[in-house]
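The structure appears below as structure tokens.
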Amino acid sequence: MESRPFKTGQARDRISALPDELLLGILERLRLRDAVRAGAVSTRWRHLPHQLSRLTLSHRNFHGTTPHEIMDAFTGATQRLLSVPPLADSKCDCRSTRAVKVLRLNFYVSAPHLRSIGSAVEDTVSRGRTEHLVFDVVPPSSDLRHASGATKFGQQFMSFSRACPIAFRWLTGLFLKSLKFRAFDLQRLVRACEKLKVLYLTSCRFVKDSVLKIDAPNSVIQKLQFFHFRCMQIDLVSVPKLTQLECFYTAHSKKTPLRLGYVPELREVKLCSHVKGWKAPFALSDCFSINACNLSELHLYFNCRMIWIQPEHPKQLSGIFRNLTRLGLWFIFPECDLKWTLFILDAAPALKYFALNRIRHSCFGQNPESNALKTNVVWEPPKDMKHLNLKLLVVMGFEEEDQVTNYIRIIMELAVGLRKIKLRGHPCKNCSAIDPETPKKFEEDEARRHRVRERLTHGSSSSVQIIVS
């Protein structure tokens with residue numbers, strides 16, 4: 001929202017006449033840059049930015065020819081907005097009433113500025129009224145062209161955490177991007193952030209390939225995300241409050257890439273392992289301990305290449321998957337046999353929703369140098385297998401092929417409580433998988449839907465609803 005200049009004294013008078021409560025509500029919806037600008041319009045507004053209870057400030061709001069100049073402006077604004085104004089300039093005693101409940105700061109790793117930012121934050125949180133404190137930290141992109149850049153900024157960030165322990169003790173959210181750490185840095189960081197609930201690591205890695213181990217029995221972390229993360233293994237020894245885990249990373253080891261220890265509150269897991277050609281498929285039972293028995297939602301991403309998990313007997317997984325109700329298997333290459341997926345259904349008796357995504361795009365997953373070759377997995381479901389609770393099956397990237405049709409008929413037979421099947425194509429503007437620019441005529445589309453339903457229900461007494469789109 002762009003702020004407009006006040007051109008007349010009459011406009012100033014009308015705005016200045018508004019009640020403070022209304023003015024604060026307006027300012028909290030403006031970008032802070034605009035809020036500060038607005039506060040300079042009238043002497044009566046001057047105290048208002050210092051009464052905002054929710055502050056979000058980003059380096060993107062400031063201009064400069066270098067990251068250093070941008071951080072000069074960012075740091076100055078942070079200090080001004082978080083400081084308590086002199087009593088003579090304020091209508092109320094802000095020293096006793098000021099409460100910044102939500103503070104979100106997005107800034108560059110810049111050694112000359114970090115201590116000043118930390119000091120301003122510590123003065124604010126020391127009043128004891130801050131409920132959410134979030135740091136979103138990135139290195140200046142211009143300095144990442146050098147191989148040592150990510151290491152240097154990682155060291156600067158860790159020095160920042162040690163220099164400002166009070167600020168980090170109050171952190172509830174931490175988002176880090178493109179930083180390199182030593183193996184023990186992240187363990188120390190998690191333990192130092194006593195109130196941390198959300199930790200995102202994007203394009204981060206270790207100086208030397210190591211195991212990321214988090215053993216924090218007193219941690220209150222609820223959500224962990226590792227995106228484009230590189231390490232030998234992620235080992236969550238003890239994260240007792242963790243409810244959501246997202247791992248999209250490359251594991252440089254023959255070991256099982258993920259090990260979950262004491263995570264009794266874990267509900268949702270999203271896992272994508274960028275495996276290499278020499279790495280063998282691993283068993284899910286090696287990833288999940290019996291302490292992950294409250295898992296209710298699981299999503300596995302295969303990036304149109306190797307199926308990197310191996311089917312196993314349901315006895316190995318039933319204790320872990322007994323509460324699983326939602327399952328998503330994403331980006332399976334089109335030539336892949338699908339019957340192996342049923343071993344998870346066999347081990348998850350409470351499953352109600354099953355989504356399967358077949359990628360037919362020639363433009364997807366075109367990086368064979370960094371991925372394992374397309375590798376099939378063979379597994380035959382037990383002849384007496386039945387599933388009582390599955391209600392909805394969704395197949396994306398559906399085409400009229402015997403392999404897929406036979407697979408869906410198998411599920412219709414074994415899932416005795418199945419109520420609905422949704423079959424969807426996969427339009428793509430970048431390739432000829434399904435051309436969205438040339439829609440079929442209504443009559444042709446209806447004929448196709450009828451033909452699909454006929455093939456799926458031929459010789460079956462199932463009353464399941466089949467939706468083809």
Side-chain angles (χ1 to χ4, degrees), residues 58-60 66-68 70-71 74-75 78 104-119 121-122 133-194 196-216 219 221 223-237 239 246-253 257 274:
S58 172
H59 67 274
R60 299 184 185 91
T66 65
H68 192 279
I70 292 172
M71 285 303 296
F74 175 91
T75 304
T78 301
R104 301 174 184 272
L105 300 179
N106 174 212
F107 54 92
Y108 288 134
V109 181
S110 175
H113 304 94
L114 294 178
R115 187 62 183 269
S116 298
I117 294 171
S119 297
V121 170
E122 289 189 332
L133 173 62
V134 179
F135 286 169
D136 188 343
V137 185
V138 296
S141 56
S142 58
D143 291 308
L144 288 178
R145 289 174 295 182
H146 305 288
S148 60
T151 303
K152 177 184 71 173
F153 292 118
Q155 293 172 348
Q156 290 181 9
F157 180 81
M158 291 306 300
S159 297
F160 172 41
S161 70
R162 291 190 294 270
C164 303
I166 297 175
F168 279 79
R169 197 176 304 145
W170 279 80
L171 269 182
T172 58
L174 182 58
F175 299 77
L176 303 177
K177 183 176 182 180
S178 300
L179 300 178
K180 279 188 180 181
F181 298 98
R182 294 169 296 180
F184 52 82
D185 282 342
L186 293 177
Q187 174 83 344
R188 290 180 176 177
L189 187 61
V190 168
R191 291 184 174 179
C193 300
E194 297 175 1
L196 192 66
K197 294 182 179 180
V198 178
L199 174 61
Y200 279 20
L201 300 176
T202 301
S203 300
C204 292
R205 59 179 301 181
F206 290 123
V207 175
K208 295 182 179 180
D209 280 338
S210 305
V211 174
L212 169 59
K213 180 179 291 187
I214 298 181
D215 185 3
S219 167
I221 289 180
K223 186 170 184 178
L224 280 172
Q225 185 188 78
F226 305 96
F227 190 72
H228 288 171
F229 191 82
R230 297 179 64 180
C231 65
M232 294 187 69
Q233 184 187 57
I234 293 177
D235 187 2
L236 304 184
V237 178
V239 194
E246 298 182 15
C247 291
F248 296 79
Y249 69 110
T250 301
H252 293 276
S253 171
H274 295 284

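The first residue in the sequence is number 1, and the count goes up from there. Being a predicted model, the structure only gives us computed values, none of them experimental.
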Is any side-chain heavy atom of [Y] closer than 4.5 Å to one of [X]?
X: Ile214; Y: Ile221; answer: no
X: Lys223; Y: Tyr200; answer: yes
X: Leu201; Y: Leu186; answer: yes

Handout entry: Pairs involving residues 201-216, ordered by first then second residue, that meet salt bridge (charged side-chain N to carboxylate O under 4.0 Å, His left out) (sequence neighbours left out)
Key = none

Excluding sequence neighbours, so at least two apart, what forms ring pair (Phe, Tyr, Trp, His ring centres under 6.0 Å) with [X]?
X: Phe184; answer: none
X: Phe157; answer: Phe168
X: Phe229; answer: Phe206, Phe226

Handout entry: Evaluation steps, side-chain contact (heavy atoms from CB on, under 4.5 Å), between Gln155 and Arg182
Key = CA-CA 9 Å; Gln155 293 172 348; Arg182 294 169 296 180; 5.9 Å; no

Handout entry: Partners meeting side-chain contact (heavy atoms from CB on, under 4.5 Å) with Val134 (sequence neighbours left out)
Key = Arg104, Thr172, Phe175

Completion exercise
Residues passing the side-chain contact (heavy atoms from CB on, under 4.5 Å) test with Ile70, sequence neighbours excluded, are His59, Phe62, Tyr108

Handout entry: Within 6.0 angstrom of Arg115 CZ, more than 12 heavy atoms from elsewhere
Key = no

Handout entry: Taking every non-hydrogen atom, the tightest pair across Ser178 and Pro139
Key = O-CG, 3.6 Å

